[in-house]
Amino acid sequence: MALLVAVPCAAQGRDPVLVPDVSEHRIVLRQGFTGADLLLFGALLDPAGGRARGDYDIVVVLKGPAQPIRLREKERWFGIWINADSTAYRSVPSFYALASSRPVADIVDERTAAIYELGLPWLQLSPTGSIEPEEQARFSAGLVDLRERQGLYAQYEGGVEVSEGVLYRARLPIPSNVIPGRYVAETFAIIDGRVVTSATSEVEVVKEGVSGRIATEAEDASFFYGLFAIGLSLFMGWAASRLFTLV
């Protein structure tokens with residue numbers, strides 16, 4: 001009898017369990033791809049399999065493959081825009097989208113948001129070399145703003161719907177200019193400003209068709225692909241000049 005009573009009590013004292021999933025585990029980029037909507041959904045349960053106790057907030061984050069980039073700042077000299085200062089980043093998410101059941105500032109404090117990168121202001125962009133903090137902040141803000149205008153970074157506060165404290169769902173738009181690779185969707189359950197549990201799902205974005213074969217060849221045989229591109233450019237230039245000569 002003591003064991004039968006103790007097991008449910010112990011289960012109630014443990015953190016809840018997240019069971020996440022996504023509507024598509026594979027997104028194919030074909031000719032004419034105009035974007036897609038990715039549905040992230042799941043359930044929040046207690047260890048015994050029932051409804052989790054307490055009022056929880058849900059935050060979902062979808063990140064694309066990281067890539068190194070160099071960001072250049074433009075200045076205007078005598079009416080002409082030229083490249084000025086620049087900085088390089090070792091690891092920048094190619095895509096970042098967040099959806100939350102409430103504004104992030106109402107769910108967690110700044111320290112927790114920075115630890116879990118919950119929100120665009122808290123992205124860890126990892127610049128290379130030494131850089132002044134003010135300059136780093138300026139470049140990082142410019143990078144985030146650029147990616148936002150390209151549709152690659154977005155934050156949807158209030159974009160997560162929670163039903164009866166158990167089920168949740170969020171819909172994130174995937175723009176047409178995403179790059180192929182492994183995308184990770186991470187879901188956080190938060191109560192009283194504390195992340196009590198998290199879980200991940202994966203989405204593979206791949207290219208197919210002619211564009212996919214070209215991208216594969218460019219990566220697998222970059223030297224010969226470069227020679228082919230140069231040769232094709234020379235041939236097209238020669239053919240255009242001959243055509244205009246005949247005309």
Side-chain angles (χ1 to χ4, degrees), residues 27 29 35 38 59-100 103-105 107-157 159 172-186 188 195 198 200 202-207 211 214-216 218-220 222-223 225-226 229-230 233:
I27 297 176
L29 307 179
L38 185 67
V59 179
V60 296
V61 176
L62 179 64
K63 284 185 181 180
Q67 54 186 179
I69 67 166
R70 175 170 290 276
L71 187 67
R72 300 185 184 277
E73 188 176 46
K74 290 187 176 294
E75 288 185 1
R76 191 166 184 170
W77 285 71
F78 303 104
I80 301 175
W81 289 98
I82 63 172
N83 290 329
D85 295 336
S86 67
T87 189
Y89 291 87
R90 289 188 302 270
S91 178
V92 175
S94 59
F95 179 84
Y96 177 95
L98 175 146
S100 55
V104 174
I107 299 175
V108 295
D109 57 22
E110 293 185 355
R111 180 176 177 274
T112 304
I115 291 173
Y116 295 98
E117 294 184 273
L118 301 181
L120 294 175
W122 310 110
L123 281 179
Q124 299 176 13
L125 299 177
S126 304
T128 60
S130 59
I131 182 174
E132 294 293 332
E134 293 182 0
E135 185 178 2
Q136 177 183 341
R138 188 178 78 251
F139 271 100
S140 297
L143 174 58
V144 171
D145 178 68
L146 178 63
R147 291 289 172 92
E148 280 189 283
R149 287 187 278 115
Q150 293 172 338
L152 295 172
Y153 284 5
Q155 186 164 328
Y156 307 97
E157 296 187 322
L172 297 178
I174 307 298
S176 59
N177 54 341
V178 293
I179 66 172
R182 174 176 167 267
Y183 288 64
V184 178
E186 191 164 11
F188 301 90
V195 176
S198 64
T200 61
E202 293 186 3
V203 179
E204 195 71 22
V205 177
V206 297
K207 274 190 176 182
S211 60
I214 292 175
T216 301
E219 292 180 2
D220 296 342
S222 56
F223 178 75
Y225 175 80
I230 293 172
S233 299

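Owing to the predicted nature of the structure, the values given are computational and were not obtained by experimental measurement.
Under a 3.5 Å cut-off, the side chain of Ser91 and the backbone N or O of Ala66 do not form any donor-acceptor pair. A donor-acceptor contact shorter than 3.5 Å is absent between the side chain of Glu186 and the backbone of Val59.
By the side-chain hydrogen bond (donor to acceptor under 3.5 Å, both in side chains) test, Arg149 is found to be paired with Asp145, residues two or more places apart in sequence or in another chain being considered. Remark: Glu117 pairs with Lys63 by the salt bridge (charged side-chain N to carboxylate O under 4.0 Å, His left out) rule, at least two apart or across chains. Take Glu148 and apply the salt bridge (charged side-chain N to carboxylate O under 4.0 Å, His left out) test, not counting sequence neighbours, and it matches no residue. A search for side-chain hydrogen bond (donor to acceptor under 3.5 Å, both in side chains) contacts involving Glu202 returns Arg182, not counting sequence neighbours.
Closest approach of Val92 and Arg147 over heavy atoms only: CG1-NH1, 3.9 Å. Here the closest heavy-atom approach between residue Gly151 and residue Phe95 is recorded as O-CE1, 4.2 Å. The two residues Ser100 and Ile107 have their closest heavy-atom pair at CB-CD1, 4.2 Å. Minimum interatomic distance between Pro65 and Ser94 (heavy atoms only, all atoms of both residues): O-OG, 2.8 Å. The minimum heavy-atom distance linking Lys207 with Pro180 is given by the pair CG-CG, 3.7 Å.
Between the CD atom in Gln155 and the CG atom in Leu123 there is a gap of 9.0 Å [rounded to 0.5 Å]. Here Leu146 contributes atom CG and Leu71 contributes atom CG; the two are 7.0 Å apart, rounded to the nearest 0.5 Å. Atoms CD1 and CG, on Ile174 and Leu152 in that order, are 10.0 Å from each other to the nearest 0.5 Å. The distance from atom CD of Gln136 to atom CG of Leu125, rounded to the nearest 0.5 Å, is 8.0 Å.
Within 6.0 Å of CD in Glu110 there are 12 or fewer heavy atoms belonging to other residues, nucleotides or ligands.
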Practice problem: Evaluate side chain to side chain contact (heavy atoms under 4.5 Å, CB included) for Ile115 paired with Val195, printing each intermediate quantity in order. | Solution: CA-CA 11 Å; Ile115 291 173; Val195 176; over 6 Å; no
Quiz item: Ile69 and Leu143: side chain to side chain contact (heavy atoms under 4.5 Å, CB included), yes or no, with the steps?
Solution: CA-CA 10 Å; Ile69 67 166; Leu143 174 58; 3.5 Å; yes
Quiz item: Under the side chain to side chain contact (heavy atoms under 4.5 Å, CB included) criterion, do Val144 and Tyr96 qualify, and how do the steps go?
Solution: CA-CA 10 Å; Val144 171; Tyr96 177 95; over 6 Å; no
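The list of salt bridge (charged side-chain N to carboxylate O under 4.0 Å, His left out) pairs with a residue in residues 88-100, not counting sequence neighbours, is empty. Sorted by first and then second residue, the ring pair (Phe, Tyr, Trp, His ring centres under 6.0 Å) pairs involving residues 107-155 (not counting sequence neighbours) are Tyr116-Phe188.
Of the residues listed (Ile179, Val206, Val178), the one engaging Leu29 in a side chain to side chain contact (heavy atoms under 4.5 Å, CB included) is Val178, and it is the only one.
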